[in-house]
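This report refers to the structure that appears directly beneath it.
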Amino acid sequence: MATTIPLFASFKYADSLTVVGISFCTALVCEAISWILIYRTNSYKSLKYSIDKAAKKLETMKTENPSSKLSIKKSKTKKIDRVETSLKESSRDLSLFKFKSGAVVALVLFVVFGLLNSLFEGKVVAKLPFHPITIVKKMSHRGLKGDDATDCSMAFLYLLCSISIRTNLQKFLGFSPPRGAAGAGGLFPMPDPKTN
């Protein structure tokens with residue numbers, strides 16, 4: 001029992017876990033702010049509903065068997081164009097609606113990053129399991145002294161954690177963007193399993 005106390009006193013990954021923990025707490029605060037300003041409002045709920053409805057309608061219209069008559073094809077094309085236009089307008093409205101909380105969330109992230117930067121300035125918080133390419137090395141080794149390319153600064157770890165934790169937290173809480181909204185797939189949209 002006495003041997004475990006010194007183990008935790010000089011825990012090897014304390015700095016890394018601190019950055020990850022603060023990143024997780026920041027993501028929770030940001031999602032709480034977004035819920036207060038956006039997700040609980042009736043305007044957001046109606047926009048999300050209309051986007052979901054339009055996306056489903058567009059998907060069914062595009063998967064229907066095309067008929068051989070030219071006039072039916074033209075009318076179907078016009079209907080698809082109308083639904084696509086409606087979907088784009090709703091997505092734009094949703095983006096503008098989310099913009100007001102984006103400024104508050106950006107301020108929170110800026111303050112937390114400044115605090116972490118002052119706490120871990122010039123300190124190695126993690127080791128990368130690979131030798132990064134030059135552009136990644138400039139980000140991962142930012143503010144660190146020495147030539148070890150596997151040293152990871154707080155800024156890089158915080159960036160990776162912020163992106164992954166907040167995205168997954170939004171999905172877990174059900175706050176991810178509607179399926180048909182512009183940019184709903186993030187950086188790497190996943191293919192729809194129904195179409196494969």
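If you read the sequence from its start, that first residue is 1, and numbering goes on from there. Reckoned from all heavy atoms, side chains included, excluding hydrogens, waters and symmetry mates.
Hydrophobic cluster membership is shared by F172 and W35, with clusters built from Ile, Leu, Val, Met, Phe, Trp and Tyr side chains linked at under 4.5 angstrom. Residues L119 and V108 are members of one and the same hydrophobic cluster, defined by side-chain heavy-atom contacts under 4.5 angstrom among Ile, Leu, Val, Met, Phe, Trp and Tyr. In terms of hydrophobic clustering, with Ile, Leu, Val, Met, Phe, Trp and Tyr side chains grouped at heavy-atom distances under 4.5 Å, I163 and F110 are assigned to different clusters. Hydrophobic clustering of Ile, Leu, Val, Met, Phe, Trp and Tyr side chains at less than 4.5 Å, counting indirect connections, keeps L128 apart from F120. The cluster map of Ile, Leu, Val, Met, Phe, Trp and Tyr, joined by side-chain heavy atoms under 4.5 Å apart, puts V104 and V29 in the same cluster.
Here the side chains of T26 and S162 are not in contact, with every heavy-atom distance at 4.5 Å or above. Residues K48 and Y39 have side chains not in contact (no heavy-atom distance under 4.5 Å, counting atoms from C-beta outward). Between V105 and R166 the shortest side-chain heavy-atom distance falls below 4.5 Å.
The distance from the NZ atom of K123 to the SG atom of C152 is 14.0 Å, given to the nearest 0.5 Å. L157 contributes atom CG, which lies 6.0 Å from atom OG of S16 (distance to the nearest 0.5 angstrom). For the atom pair OG (S23) and CZ (F113), the distance works out to 11.5 Å, reported to the nearest 0.5 Å. Residue T41 holds its OG1 atom at 12.0 Å from CD1 of I36, rounded to the nearest 0.5 Å. The distance from atom CG of L28 to atom CG of L173, rounded to the nearest 0.5 Å, is 7.5 Å. Going from atom OH of Y44 over to atom NZ of K98 covers 5.0 Å, rounded to the nearest 0.5 Å.
Within a 6.0 Å sphere centred on CD1 of I135, heavy atoms belonging to other residues, nucleotides or ligands number 12 at most. Around CG of D147, the count of heavy atoms belonging to other residues, nucleotides or ligands within 6.0 Å does not exceed 12.
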Fill in: Working for side-chain contact (heavy atoms from CB on, under 4.5 Å), residues F156 and V125
CA-CA 10 Å; F156 188 66; V125 296; over 6 Å; no
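Panel note: side chain S90, backbone L87; no donor-acceptor pair is recorded below 3.5 Å. Side-chain atoms of S86 never come within 3.5 Å of backbone atoms of R82 as a donor-acceptor pair (strictly under, hydrogens ignored).
A pairwise comparison of heavy atoms in V124 and A126 identifies CG1-O, 3.4 Å as the closest pair. The minimum heavy-atom distance linking S153 with L144 is given by the pair N-CD1, 3.6 Å. Minimum heavy-atom separation, S50 to L47: OG-O, 2.9 Å. Contact record, I165 with A27: CG2-CB, 3.8 Å, taken as the closest heavy-atom pair. Between L109 and C30, the shortest heavy-atom contact is CD2-SG, 4.0 Å. Here the closest non-hydrogen pair linking C161 and V20 is SG-CG2, 3.5 Å.
Note on residues 135-144: no pairs pass side-chain hydrogen bond (donor to acceptor under 3.5 Å, both in side chains), not counting sequence neighbours.
Taking the side chain to side chain contact (heavy atoms under 4.5 Å, CB included) definition, one finds that D148 meets it with K127, T150, D151, sequence neighbours left out. Qualifying ring-ring contact (aromatic ring centres under 6.0 Å, His included) partners for Y158, counting only residues two or more places apart in sequence or in other chains: none.
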